[in-house]
Amino acid sequence: MYTPYSPNPTKKQKHQTVIAGIDTTQLETRLFINNEFVPSIKEKKFETVNPATEEVICEVWEAGVEDVDRAAKAAREAFEIGSPWRSMNATDRRDLLNKLADLITRDRDYLSKLESLDVGKPLGRGGKYGSTVDLHLAIQHLRYFAGYADKLLGAQIPVDGSILCYTRKEPIGVCAAIVPWNFPILMMIWKLCPALAAGCTTIVKSSEKTPLTALHIAKLCKEAGFPAGVVNVLSGYGAGGAGEALARHPDIDKIGFTGSTKVGHMIERYSAESNLKSVTLELGGKSPLIIFDDADLETAVACAKVGLFMNAGQVCTACSRIFVQEGIHDKFVSAMVNSVQDINIGSFEQEDEKETLRPIEQGPQVDKIQFTKVLDYIKIGQVEGATLCIGGHRYGHKGYFIEPTVFTDVTDEMTIAKEEIFGPVMTILKFKTDEEAIDRANHTEYGLAAGVMSTNGARAISAAHQIRAGTVWINTYNSYDCAAPFGGYKQSGHGRDLGKESLDNYLETKSVMIPLVGLKC
């Protein structure tokens, strides 16, 4: 039976000053505004914690409303006509993005360790997922969008009369990006790339849970040569803090948010109550994975494993509803439990100290809040009658580790089948017919992603077309590419990250018309 974990709050954990080669006393913790690192106006700080040890890494300066005003002013001035940024050639913007990619490549080992320290994720060795994978993708995204900076084209429109009509693609203006704690580097880059390629200026607010790598990337932006005010980075909280201030700010033209559906509703409301700024949202999910009876069992188990347990289940696309056809159900459950038993749990520091160690696959949950929430969901699943096949408890005695957990005999009405858990908790549901599986898969308020497993291509594609989700993977899962648009249906958000479509979020289309002299031709 689950007992809530609660360390003595009066005893602050002492912390190491050097962790995996990172001197925590030398970390940049100030706000980055107008190309300078500055303390917050109210001089408030908050702690960021190593989730593998529960020890404080360092204290970080907390941005408040006044700091948002400073950042918005810097970003607005950098966007003014005649500024170095607005006057810059598109090819120069391209070169700056490529230069930033070069600098992140140079510092990728340091950044991957810093990300793992602050978030708790593995490094990603031996072909497994980890922070090194995020760095690879971030660099790839920068180079992809750098290529678009000088290819944002308008069009000539054949209108009636002797009139020349053409369109221009113009940057939308000052853009705020509120990024989540589960993929701090990657989500920051997802938001920055199209905004900078389009010629916008930016303010990034990192999560209060994982602020450290964003500040190092801010340092690299300055080193790359981005003009003052083009990239600003704030650390702080959401509701009542910097996040809400950004969403309400009258001098911000667009905001992009990745996070929970609950906060997404708040972002929309704040925008409506202020200046009707443009909003794009990538929100929560309860993604279905449908495994038909003709699926390759080994492939299905591998995809379900990475689809649910990657990043300790802290992924918005996690396949937390696995629908398995009755003919293959028992074999799948047995194989899945055997595979889960093999997951290696631990801290990234173990990998760093002994490179010969079997690669870590699962780290801790990001903090005590998430740790407690996930354990509460496991308890609810048991109380509501789901069968616990494996896991279900805290792992070890230090750090926010949770055993990989698998439930069977789950029904659609159970809490664990409806709500986003955001942890290493798999729920397996049985179905009979294709039509039933698709109907139940769509019976959710979310629509971010889904998966289909079948050796029959026509069957799989038909199912993929009927599922209401922004991304559907067939015989794979959690496959991303910077060229493939990503976003959700329904309450999983609107707008798209990645791909050419993401640039539309940061561009306005202007029509220009002028009468011509002479005969129409």
Side-chain angles (χ1 to χ4, degrees), residues 32 93-116 118-119 121 124 129-149 175-207 210-226 230-235 254-259 280-282 311 315-317 478-487 495-503 505-506:
F32 186 71
R93 291 204 309 274
R94 174 201 66 197
D95 294 345
L96 283 174
L97 285 166
N98 276 319
K99 178 62 174 176
L100 180 57
D102 292 340
L103 294 173
I104 290 177
T105 300
R106 182 196 69 190
D107 290 1
R108 67 191 304 169
D109 183 61
Y110 174 81
L111 278 165
S112 66
K113 290 179 180 179
L114 186 60
E115 185 90 326
S116 290
D118 210 14
V119 184
K121 61 179 66 187
Y129 168 75
S131 56
T132 56
V133 175
D134 291 354
L135 265 295
H136 170 77
L137 292 173
I139 294 162
Q140 183 185 62
H141 284 60
L142 281 162
R143 300 206 188 282
Y144 174 83
F145 281 98
Y148 267 117
C175 300
I178 301 178
V179 298
W181 48 260
N182 53 341
F183 296 93
I185 291 176
L186 196 53
M187 294 299 101
M188 179 180 183
I189 295 300
W190 276 26
K191 305 298 187 196
L192 278 181
C193 283
L196 296 175
C200 299
T201 57
T202 60
I203 306 168
V204 176
K205 190 203 82 69
S206 60
S207 169
T210 55
L212 297 179
T213 47
L215 294 170
H216 187 79
I217 290 175
K219 189 183 300 184
L220 299 185
C221 288
K222 181 174 182 178
E223 184 179 349
F226 283 92
V230 173
V231 178
N232 304 274
V233 177
L234 306 178
S235 311
K254 188 254 181 296
I255 189 163
F257 170 77
T258 296
T280 54
L281 302 170
E282 193 264 278
N311 206 32
V315 185
C316 53
T317 59
N478 275 339
S479 299
Y480 300 91
D481 192 282
C482 49
F486 178 79
R496 291 294 180 266
D497 287 319
L498 307 182
K500 185 177 183 296
E501 284 86 347
S502 67
L503 290 158
N505 301 327
Y506 299 93

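In this chain, residues are counted from 1 in sequence order.
- For Asn478, the side chain to side chain donor-acceptor pair (under 3.5 Å) partners are Thr317, Tyr480, not counting sequence neighbours.
- The two residues His216 and Asp107 come nearest to each other via the heavy atoms NE2-OD2, 2.9 Å.
- Between Asp497 and Met187, the closest side-chain pair of non-hydrogen atoms is not below 4.5 Å.
- Counting only heavy atoms from C-beta outward, the side chains of Leu100 and Phe226 approach each other to under 4.5 Å.
- Counting only heavy atoms from C-beta outward, the side chains of Pro184 and Asp118 never approach each other to under 4.5 Å.
- A side-chain donor from one of Ser131 and Ser116 sits under 3.5 Å from a side-chain acceptor of the other.
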Derivation and outcome, side chain to side chain contact (heavy atoms under 4.5 Å, CB included), residues Val233 and Met188: CA-CA 10 Å; Val233 177; Met188 179 180 183; 3.8 Å; yes
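- The heavy-atom pair separating Ala224 from Leu96 by the smallest distance is O-CD2, 3.3 Å.
- By the 4.5 Å heavy-atom criterion applied to side chains, Ser235 and Ser206 are counted as neighbours.
- Residues passing the side chain to side chain donor-acceptor pair (under 3.5 Å) test with Lys254, sequence neighbours excluded: Thr280.
- Take Lys121 and apply the side chain to side chain donor-acceptor pair (under 3.5 Å) test, not counting sequence neighbours, and it matches Tyr129, Asp134.
- Heavy-atom neighbours of Lys99 NZ from other residues, nucleotides or ligands within 6.0 Å: at or below the threshold of 12.
- Among residues two or more places apart in sequence or in another chain, the side chain to side chain donor-acceptor pair (under 3.5 Å) test is passed with Arg94 by Asp150.
- Across Lys191 and Ala177, no two heavy atoms sit closer than the pair CB-CB, 3.6 Å.
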Enumerate donor-acceptor pairs with a distance under 3.5 Å from any side-chain N or O in residues 194-205 to protein atoms, sequence neighbours excluded.
{"residue": "Thr201", "atom": "OG1", "partner": "Ala75", "partner atom": "O", "Å": "3.0"}
{"residue": "Thr202", "atom": "OG1", "partner": "Val230", "partner atom": "O", "Å": "2.8"}
{"residue": "Lys205", "atom": "NZ", "partner": "Gly236", "partner atom": "O", "Å": "2.8"}

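- In terms of heavy-atom proximity, Gly124 sits nearest to Thr132 at O-OG1, 3.2 Å.
- No donor-acceptor pair under 3.5 Å is formed between the side chain of Asn505 and the backbone N or O of Gly495.
- Here the closest non-hydrogen pair linking Pro180 and Thr210 is O-OG1, 4.3 Å.
- For the residue pair Cys316 and Phe486, the shortest heavy atom distance occurs at SG-CZ, 4.5 Å.
- For the atom pair Leu498 CG and Leu503 CG, the distance stands at 10.5 Å (nearest 0.5 Å).
- Contact of the Ile104 side chain with the Ile185 side chain is not registered, since no non-hydrogen atoms from C-beta on lie closer than 4.5 Å.
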Side-chain donor-acceptor pairs under 3.5 Å in residues 135-146, sequence neighbours left out?
{"residue": "His141", "atom": "ND1", "partner": "Leu137", "partner atom": "O", "Å": "2.5"}
{"residue": "His141", "atom": "NE2", "partner": "Trp190", "partner atom": "NE1", "Å": "3.1"}
{"residue": "Arg143", "atom": "NH1", "partner": "Asn98", "partner atom": "O", "Å": "3.4"}
{"residue": "Arg143", "atom": "NH1", "partner": "Asn98", "partner atom": "OD1", "Å": "3.4"}
{"residue": "Arg143", "atom": "NH1", "partner": "Asp102", "partner atom": "OD1", "Å": "3.3"}
{"residue": "Arg143", "atom": "NH2", "partner": "Asp102", "partner atom": "OD1", "Å": "2.7"}

